[in-house]
Protein chains: 2
Amino acid sequence: MKKKTRVNIYDVAEEAGFSISTVSRALNDDARISAKTKVKVKAAARRLGFQKNAIATSLSTNQSKVIGVLVSELNRGFLSSLVHTLEDTAFAMGYSVIICQTNNSHEREKTYMDTLIASRVAGIIATLSLETDSYEHFEKAKEQGIKVVLVDRVSPKIKSTTKIVIDDYQTAFEGTQHIIGQGYDKIAYVSGPTKQLLYADRLRGFEQALKVAGLPLNPEWIEYSDDLSYEEGTRIAKKILSRKDKPNAIFTANNLAAISTIAYARQIGIRVPEDLGVIGFSEEPFSAFMQPSVTSIRQPSTEMGKLAVQKLVEEINADPGESYIHQKIILDTELIPRESTNRLCKR
Amino acid sequence: MKKKTRVNIYDVAEEAGFSISTVSRALNDDARISAKTKVKVKAAARRLGFQKNAIATSLSTNQSKVIGVLVSELNRGFLSSLVHTLEDTAFAMGYSVIICQTNNSHEREKTYMDTLIASRVAGIIATLSLETDSYEHFEKAKEQGIKVVLVDRVSPKIKSTTKIVIDDYQTAFEGTQHIIGQGYDKIAYVSGPTKQLLYADRLRGFEQALKVAGLPLNPEWIEYSDDLSYEEGTRIAKKILSRKDKPNAIFTANNLAAISTIAYARQIGIRVPEDLGVIGFSEEPFSAFMQPSVTSIRQPSTEMGKLAVQKLVEEINADPGESYIHQKIILDTELIPRESTNRLCKR
DNA sequence: TTGTAGGCGTTATCAC
DNA sequence: GTGATAACGCCTACAA
């Protein structure tokens, strides 16, 4: 009916003088095929320029060597570095990756989930979109036998799933302690949307550190942003720094906001770190190069990426007989003190 | 032989009381099927949680809705922004993207090409790896009927292929003129591997601008780097700035090298821009935030990405009867003057 | 060690 | 409008 397009195993079989099953086995290095036959078959395949059709293999074996990656955006420091590692690790383990950017839209996340299910990917590695607050689409994937690993942005509502995270509460707690240790005592906080667990945890850690240190928690000093972009950071810095009762330090839930906060502060004549200390979550490539350089918190994107792929492949290859044990893996973060909070020892 | 795993059209056919042909047509909104039937079939599909198997469709139709993207690395400014746009545009046009990082390895580029051919992607968008100097693998893809679009890093040796580039020669020429216009007259150049056309062109543009301006072209002031990383930039800056006859400006073929050059210069007490002007190819997110901010050349990654997908899809959907006309599209760049070359008007 | 034949889930050709 | 059935290219149980 349709004309066949490219060289297939039938052609190779004819060329080599064997049946298609022998060809198939030979090409897959099946133990039952003699070395001589394999050589002949492979030679014939090469002669004809045969390229195995992965689609047909996938349909026949009902499995694929493809991993779907759901991520909000590719062009931000942490995520671009995470995806970089994911792809690299997947390649090393024989998998390809389909990248799906949700742009932080719940709707698009669901659409993509359907696409990935339709593509019969072996597994999915996902970082929840900021908007996402229901999780049926993840259940759907799992019902279809697709393994899922969540990274960084997770939810306790998604059960029976490997999760790879940092301890956001503890990290924010320690970050806050660092600022306090530098002699700042009126500390503001710029949060992401707290319906995302990680932002809620960070905020809690911040508040707890203030409490432990006996410092005031001024509700006016806590601001929220949906996307923590550079512009949002500026807007919020403006708001916070125009209050009568100004803070002398600002902790932002990402590093982009920290940078725009610094830029804005300097613009209106507030010195950093002398008058205002600034610390931000997430190390960005430029954190170290800024003037002043920015104190930040490094999330182990490389380790998270590697582990995500390894755990996913582990689960994909797990014996379907026995139940796979899902872990929540918590990785260490690293506080990188730099000039933006360095109030004690002058440069 | 194998047990079927998920709901297929046979199940839906049974549930709806139609044949599989009717079901298939109904689900694809074929005009011949009555509205009533469509409703019934779709209801049945929904009831059963049917998800069409894209693999089977692909095998049957011999086409797929997947685009392969070959790129050296994801975690660099220009490329991460390019891939961001590629994915976004592809999504809008109904395609998924498989991302393949070559890590600038020719070998890996070839391996990935085979994978993409095996996956029967509809097309490939590629940025050549820095190492690549032979192109049979691209011919191979095209022989298999896979459309190819090249972006940014291209080669004249790959024929009959849409190419989307900037005018590297002209851009470097103008960048050099900018430096000269700022009063610098002893200008060094840090190049990437000139076997890549774009680096050769940039170098030519640089040399030509010096010639036109009647400035000396000191061979000692031209250095080459294989990867233009931050570390490489430092190494080369060290080399150039330790010469007896020092330049008073440096033009680097990417922005990362510009940043490390500035950092190194300041470290050894050379003032930027007063003693040394620095300009770099490729705008990075941090170029504007640095101190001093870095004069750079913006490549239109968004436009390039959009155009690449559009042209590729256009070719995929082209009537196979008539020959498709391949274009080389040259997009404008933008020089962004900032402090690092601002020697004339003091800040 | 090799061959035969049926199946994976669709689409498409041809009848009715 | 709808249905039966052969393809798409590969894998594999079973037979030899």
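Residue contacts for S58(B): at a heavy-atom cut-off of 4.0 Å it reaches no nucleic acid atom on any strand shown. Within 4.0 Å (heavy atoms only), I20(A) reaches at least one base atom of the nucleic acid. Nucleic acid contact for F18(B): sugar-phosphate only, since backbone atoms but no base atoms lie under 4.0 Å from a heavy atom of the residue.
The interatomic distance linking Y10(A) (OH) with dT4(C) (C1') rounds to 10 Å, in whole Å. The distance from atom CG of L27(B) to atom P of dG9(C) is 15 Å, rounded to the nearest whole Å. L59(B) has its CG atom 8 Å from the C1' atom of dC10(D), to the nearest Å. In this structure, CZ of R6(B) is placed 14 Å from P of dC8(C), rounded to the nearest angstrom. For the pair R120(B) CZ and dT11(C) P, the interatomic distance rounds to 19 Å; values are reported in whole Å. In this structure, CG of N62(A) is placed 12 Å from P of dT12(D), rounded to the nearest angstrom. Note: CD1 (I117(B)) to C1' (dG9(D)) measures 17 Å, nearest angstrom. Atom pair K65(A):NZ and dC10(D):C1' shows a separation of 16 Å (rounding to whole Å applied).
When the side-chain nitrogen and oxygen atoms of S24(A) are compared with OP1 and OP2 of dC11(D), one or more of them lie within a distance under 4.0 Å. OP1 or OP2 of dT11(C) lies within a sub-4.0 Å distance of a side-chain N or O belonging to N28(B). Taking side-chain N and O atoms only, S34(B) has a distance below 4.0 Å to OP1 or OP2 of dT2(D). Within the structure, a side-chain polar atom (N or O) of N8(A) is placed less than 4.0 Å from OP1 or OP2 of dG9(D). Of the side-chain N and O atoms in T22(B), one or more sit less than 4.0 angstrom from OP1 or OP2 of dG3(D). In terms of phosphate contacts, K52(A) brings a side-chain nitrogen or oxygen within less than 4.0 Å of OP1 or OP2 of dC11(D). S21(B) has no side-chain polar atom (N or O) that falls below the 4.0 Å cut-off from OP1 or OP2 of dT2(D).
In this structure, K306(A) does not pair ionically with E303(A), as no charged nitrogen and carboxylate oxygen lie closer than 4.0 Å. The existence of a salt bridge linking K140(B) and E109(B) is excluded, since no basic side-chain nitrogen approaches an acidic carboxylate oxygen closer than 4.0 Å.
Taking 3.5 Å as the limit, the base of dT10(C) and the side chain of S60(B) contain a donor-acceptor pair of atoms between them. Put simply, the side chain of R25(A) and the base of dG3(C) share a donor and an acceptor less than 3.5 Å apart.
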Next on the checklist: Walk me through whether H326(A) and E315(A) qualify under side-chain contact (heavy atoms from CB on, under 4.5 Å).
Outcome noted: CA-CA 9 Å; H326(A) 298 278; E315(A) 187 173 353; 2.9 Å; yes
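For the salt bridge (Lys or Arg N to Asp or Glu O under 4.0 Å) with E15(A), the lone residue among K40(A), K42(A), R47(A), R46(A) that qualifies is R47(A).
K195(A) NZ: more than 12 foreign heavy atoms inside a 6.0 Å radius.
When each of R32(B) and T57(B) is assigned the nucleotide of DNA chain C bearing its nearest heavy atom, the one mapping closer to the 5' terminus is T57(B).
Between F138(B) and Y135(B), the angle of the ring planes lies from 30° to 60°, which puts this pair in the tilted group.
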